Enquirer: 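There's a structure below that I have some questions on.
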Amino acid sequence: MEMAAVAAGDAPRRTRGSRPQRGGVGAKGLGVPYIIRNIPTYDILSEENLLRIEAIADRILAEVGIEFRDDPAVLDHWKRAGAKLDGLRVTFEPGMLKEIVSSAPRQFTQHARNSAHSVEIGGSNVVFSPAYGSPFVTDLDNGRRYGTIEDFRNLIKLAQSSPWLHHSGGTICEPVDVPVNKRHLDMVYSHIKYSDRAFMGSITAEDRAEDSIEMARILFGRDFVDANCVILGNVNVNSPLVWDGTMTKSLRAYARANQAAVIVPFILGGAMGPVTNAGAIAQSYAETLAGCALTQLERKGAPVIFGNFLSSMSLRSGSPTFGTPEPAIGSMVIGQLARRLGLPLRCAGNFSNSKLPDAQAMQEGVMSMLSAVHCGANFILHSAGFVDGLLAMSYEKFVMDTDFCGALHSYLAGVVVDDNTLAMDAFLQVGPGSHFLGCDHTMRNYQTAFWDSGLSDNEPFEKWTEEGGTDMAVRANRSWKKTLAEYEAPPLDVAIDDALIDYVSRRKDGMADAWY
C-alpha cells in the first residue's frame with residue numbers, strides 16, 4: 001500500500017463512543033509516517049558465499065537441531081509439519097522451513113490509532129522505533145537510576161513529539177516501581193494514552209501477551225484486530241539453539257491473533273555463538289528461520305518480522321561490546337539473507353557501550369545505525385536512547401539520536417534528479433564569478449534544500465562562546481525538558497479510555513503483586 005507524506009495538522013478530537021478514525025490527519029509538527037527508501041541496499045556477499053552460509057544453516061538445522069522447551073504444543077506443530085523429534089530436540093530437512101515461511105506476507109501494515117501514523121513494514125519502507133528493554137535510565141541532572149513508570153511515560157512523550165521517529169516502541173525502559181506481573185498493563189496503556197502511533201506489547205509471559213492483544217482489541221475493535229496487524233511482540237531466541245516456552249507461547253499468542261511477532265536471536269560472538277562472523281550469521285539465520293516458521297504453523301499468513309541482533313564481546317574481559325564493526329558488517333549479510341526469504345527485516349540499531357551521551361556514544365551509534373540503514377532493515381528497533389550496552393536509556397542521547405534519525409531521513413531520500421534539482425535556470429541567472437545566495441532558484445528551494453539539525457551548533461566560535469559554550473549533551477538536556485514541558489497528549493476517545501482503565505484495574509485486582 002502506497003502512502004503519501006502526511007501534511008502537518010491537528011488530529012481531530014474523537015467523541016465518546018467513536019472508534020479510532022481510519023482517515024485522520026497527522027499530529028501537528030510530525031513528519032512522514034515512515035521512510036520510503038530511495039537508495040539501494042548494500043549487498044556485500046556473492047551468490048556463492050550466500051549459498052555457503054545457507055548450506056551451513058541447513059546442516060545446523062538437520063544435524064544439530066534446535067531444542068523447544070516447556071511448550072508441548074510447539075512439538076505437536078513440528079511433528080505434524082514433518083520435522084524429526086528426539087525428546088525436546090527438533091531437526092529439519094533442508095528446505096522445509098523455507099517452504100513453511102513462504103506463506104508469511106512480504107509486507108504488511110501496522111495500524112496506529114491515528115491512521116496517519118500507521119506504518120508499512122517490509123519492501124522499501126523504513127520505520128524508526130525507540131530502544132527497548134533497559135532497566136535503568138540516566139540524565140545529566142540525576143545520573144543513572146532504575147526506571148519508573150514516570151520515566152517510561154516521559155520517553156513515550158519524547159518519541160511522540162519527535163518528527164523523526166515513526167513508532168512508539170515497546171518496553172522503552174522497565175518501570176521497576178510497578179510489580180513485574182502488572183507493569184505490562186501500565187506500559188501498554190501508556191503507549192495508547194500518550195501516543196497515537198503504532199506500538200509493541202509484552203512478551204514476558206503468555207498471559208501478558210494476551211493482555212496486550214486484548215487491550216489492542218479494546219482500542220481498535222475485535223474484528224479489526226483479527227483482520228489487521230495493530231501490535232508487535234519482540235521475542236528472543238535463547239541462543240545457542242534453544243527456544244524456551246516463555247517465548248514460544250508469546251510468539252504463538254501474537255500469531256494466533258494475526259499480530260506480528262519479531263523473531264530475534266541475540267548472539268554474543270564467542271559466548272552464545274561462534275566468534276567468527278560467518279558462523280554467527282549461519283546460527284542466527286537458523287534460529288530465526290525456525291521461529292518465523294513456527295508463526296506460520298500457528299496461523300498461516302500471520303505477519304512476522306525476520307529479526308537479528310549480532311554483537312561482539314571483549315575477549316579480554318568477557319564484557320559485551322556494542323557499535324563495533326564486525327556485527328555492523330554482519331548485518332549487511334543478514335539483510336541479503338532476509339531478502340532472499342522475502343520477509344520484512346529488523347536488524348541492528350543505534351547501539352553503544354558508552355555510559356554517557358558523549359563522543360563514544362555517537363561514534364558507536366552511527367556505526368551500527370548506518371549498518372541498519374544499508375542492510376535494508378525495515379523495522380529498526382533501538383533507534384534512540386541506547387547507552388551502557390542497553391542497560392540504560394539516556395534522556396539526552398534519546399534526543400541526540402532522534403536528531404540523527406532526522407539526518408537519516410534526508411540520507412535515505414537519495415538524490416532527486418529533475419529540472420528543478422539540476423538547476424540550469426540558476427546557472428543561467430548567476431553566470432561565472434557570482435554567487436547563488438539570492439538567485440531565484442535558491443529562494444525557491446532554501447527552506448527544504450538541507451536537513452536542519454535541532455541540536456547542532458553551526459554558529460561562529462565567538463557567538464557560541466557568548467551563548468555559554470555548551471556541548472551537544474547540554475543542549476540535548478535543555479531540549480528534552482522543553483519538549484516535556486510543552487507536550488500535549490493526542491486525543492483519545494473517552495469511552496475507549498474508560499474501557500482500558502477498567503480492564504487494567506480488573507486484571508490488577510485479580511492477582512497479587514509479584515516482584516520477580
Side-chain angles (χ1 to χ4, degrees), residues 31-39 41-42 107-108 110 112 117-134 155 158-159 162-172 197-200 232-234 236 260-266 284 288 303-311 322-323 327-336 338-339 343-352 362 364-387 390 393 397-398 400-413:
V32 296
Y34 54 88
I35 298 170
I36 299 175
R37 162 192 295 276
N38 282 315
I39 63 173
T41 56
Y42 187 19
Q107 180 174 319
F108 63 91
Q110 187 189 358
H117 298 158
S118 296
V119 293
E120 284 290 304
I121 298 177
S124 60
N125 307 302
V126 183
V127 174
F128 292 153
S129 180
Y132 180 113
S134 301
L155 291 164
L158 291 176
S162 172
W164 309 125
L165 293 180
H166 315 111
H167 203 277
S168 193
T171 306
I172 304 184
R197 293 176 171 175
F199 61 93
M200 306 177 79
L232 305 182
N234 190 75
N236 291 109
V262 190
I263 311 299
V264 189
F266 172 35
S284 171
T288 308
V304 64
I305 298 175
F306 187 99
N308 179 73
F309 194 128
L310 293 175
S311 186
F322 296 92
I329 200 67
S331 296
M332 307 297 181
V333 181
I334 295 293
Q336 289 181 268
R339 283 189 291 282
L343 293 175
L345 173 65
R346 181 220 139 172
C347 195
N350 198 319
F351 306 152
S352 177
M362 297 312 290
E364 292 171 343
V366 168
M367 168 70 77
S368 53
M369 194 64 170
L370 282 179
S371 75
V373 164
H374 287 298
C375 80
N378 303 113
F379 181 70
I380 305 180
L381 197 60
H382 306 309
S383 291
F386 186 125
V387 293
L390 195 53
M393 280 287 287
K397 188 166 184 286
F398 191 96
M400 291 161 69
D401 289 344
T402 58
D403 194 63
F404 178 55
C405 285
L408 291 174
H409 277 68
S410 290
Y411 189 80
L412 281 160

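Bear in mind the structure is a predicted one, so any value in this text is a computation, not a measurement. Values reported hereafter were calculated over all heavy atoms of this structure, with side chains retained and with hydrogens, waters and symmetry mates removed.
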Enquirer: Can you name the closest pair of heavy atoms from Thr41 and Gly376 and give their distance?
Expert: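 Closest heavy-atom pair between Thr41 and Gly376: CG2-CA, 3.6 Å.
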Enquirer: Could you list the residues that satisfy side chain to side chain donor-acceptor pair (under 3.5 Å) with Asn308, not counting sequence neighbours?
Expert: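 Checked Asn308 against side chain to side chain donor-acceptor pair (under 3.5 Å); matches are Ser284.
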Enquirer: Measuring from Ile263:CD1 to Arg346:CZ, what's the distance to the nearest 0.5 Å?
Expert: 11.0 Å
Enquirer: Which heavy atom in Pro265 sits nearest to a heavy atom in Gly307, and how many Å separate them?
Expert: CD-O, 3.4 Å
Enquirer: Side-chain contact, heavy-atom cut-off 4.5 Å: Ile380 with Met369?
Expert: yes
Enquirer: How close do Gly385 and Ala131 get, counting heavy atoms only, and between which atoms?
Expert: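 The answer is C-CB, 4.5 Å.
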Enquirer: Can you tell me how far apart CZ (Arg37) and CG (Leu408) are? Round to the nearest 0.5 Å.
Expert: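 Nearest 0.5 Å value for the CZ-CG distance: 10.5 Å.
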Enquirer: Minimum heavy-atom separation for Met200 to Gly170, with atom names?
Expert: CB-CA, 3.7 Å
Enquirer: Test of understanding: with side chain to side chain contact (heavy atoms under 4.5 Å, CB included), list the residues that count as partners of Ala260, not counting sequence neighbours.
Expert: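 Scan of Ala260 (side chain to side chain contact (heavy atoms under 4.5 Å, CB included), adjacent residues dropped) gives Phe108, Cys229, Leu232, Pro303.
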Enquirer: Can you name the side chain to side chain contact (heavy atoms under 4.5 Å, CB included) partners of Ser331, sequence neighbours left out?
Expert: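 Per chain and number, Ser331 pairs via side chain to side chain contact (heavy atoms under 4.5 Å, CB included) with Cys347, Ala348, Ser371, Cys375.
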Enquirer: side-chain contact (heavy atoms from CB on, under 4.5 Å) between Met393 and Phe398: does it pass, once the steps are laid out?
Expert: CA-CA 7 Å; Met393 280 287 287; Phe398 191 96; 3.6 Å; yes
Enquirer: Can you find a heavy atom in the side chain of Leu412 that is under 4.5 Å from one in the side chain of Asn38?
Expert: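 No - every pair of side-chain heavy atoms lies 4.5 Å or more apart.
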Enquirer: Output all residues satisfying side chain to side chain contact (heavy atoms under 4.5 Å, CB included) with Ser129, sequence neighbours left out; order by chain, then residue number.
Expert: His167, Phe379, Leu381
Enquirer: Taking only residues two or more places apart in sequence, or in another chain, which ones meet Asn378 in a side chain to side chain donor-acceptor pair (under 3.5 Å)?
Expert: none
Enquirer: Quick check for you: to the nearest 0.5 Å, what is the distance between Leu155 atom CG and Thr171 atom OG1?
Expert: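 Answer rounded to 0.5 Å: 12.0 Å.
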Enquirer: State which residues pass ring-ring contact (aromatic ring centres under 6.0 Å, His included) with Tyr411; sequence neighbours excluded, sorted by chain then number.
Expert: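 Expected list: His374.
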Enquirer: List the steps, then state whether side-chain contact (heavy atoms from CB on, under 4.5 Å) holds for Leu345 with Ile334.
Expert: CA-CA 9 Å; Leu345 173 65; Ile334 295 293; 3.9 Å; yes
Enquirer: My understanding is that only residues two or more places apart in sequence, or in another chain, count here; which of them pass ring-ring contact (aromatic ring centres under 6.0 Å, His included) with His382?
Expert: Phe309, Phe351, Phe386
Enquirer: With rounding to the nearest 0.5 Å, note down the distance linking CG in Asn234 to CD1 in Ile305.
Expert: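 That separation rounds to 8.5 Å.
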Enquirer: What pairs with Asp403 under side chain to side chain donor-acceptor pair (under 3.5 Å), at least two apart in sequence or on another chain?
Expert: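 In terms of side chain to side chain donor-acceptor pair (under 3.5 Å), with neighbours along the sequence ignored, Asp403 is linked to Ser453.
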Enquirer: Side chains of Val127 and Gln110, heavy atoms from C-beta outward: is any pair under 4.5 Å?
Expert: no
Enquirer: Can you see which heavy atom on Pro33 is nearest to which on Val119, and at what distance?
Expert: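 For Pro33 and Val119, the tightest heavy-atom pair comes out as O-CG1, 3.5 Å.
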Enquirer: What pairs with Arg339 under salt bridge (charged side-chain N to carboxylate O under 4.0 Å, His left out), at least two apart in sequence or on another chain?
Expert: Asp43
Enquirer: Ignoring hydrogens, what is the shortest heavy-atom contact between Ser383 and Leu165? Give both atom names and the distance.
Expert: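 For Ser383 versus Leu165, the nearest heavy atoms are CB-CD2, 4.3 Å.
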Enquirer: Could you list the residues that satisfy ring-ring contact (aromatic ring centres under 6.0 Å, His included) with Phe128, not counting sequence neighbours?
Expert: His166, His409
Enquirer: Applying side chain to side chain donor-acceptor pair (under 3.5 Å), can you list everything that pairs with Gln336, at least two apart in sequence or on another chain?
Expert: none
Enquirer: Measure the CE-CG distance between Met362 and Asn350 for me, rounded to the nearest 0.5 Å.
Expert: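 Taking CE in Met362 and CG in Asn350, the distance rounds to 6.0 Å.
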Enquirer: What distance separates Leu343 CG from Thr288 OG1, expressed to the nearest 0.5 Å?
Expert: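 Between Leu343 CG and Thr288 OG1, I get 10.0 Å after rounding to 0.5 Å.
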Enquirer: Quick check against the 3.5 Å criterion: does Ser352 have a side-chain atom that pairs as donor or acceptor with the backbone of Val387?
Expert: no
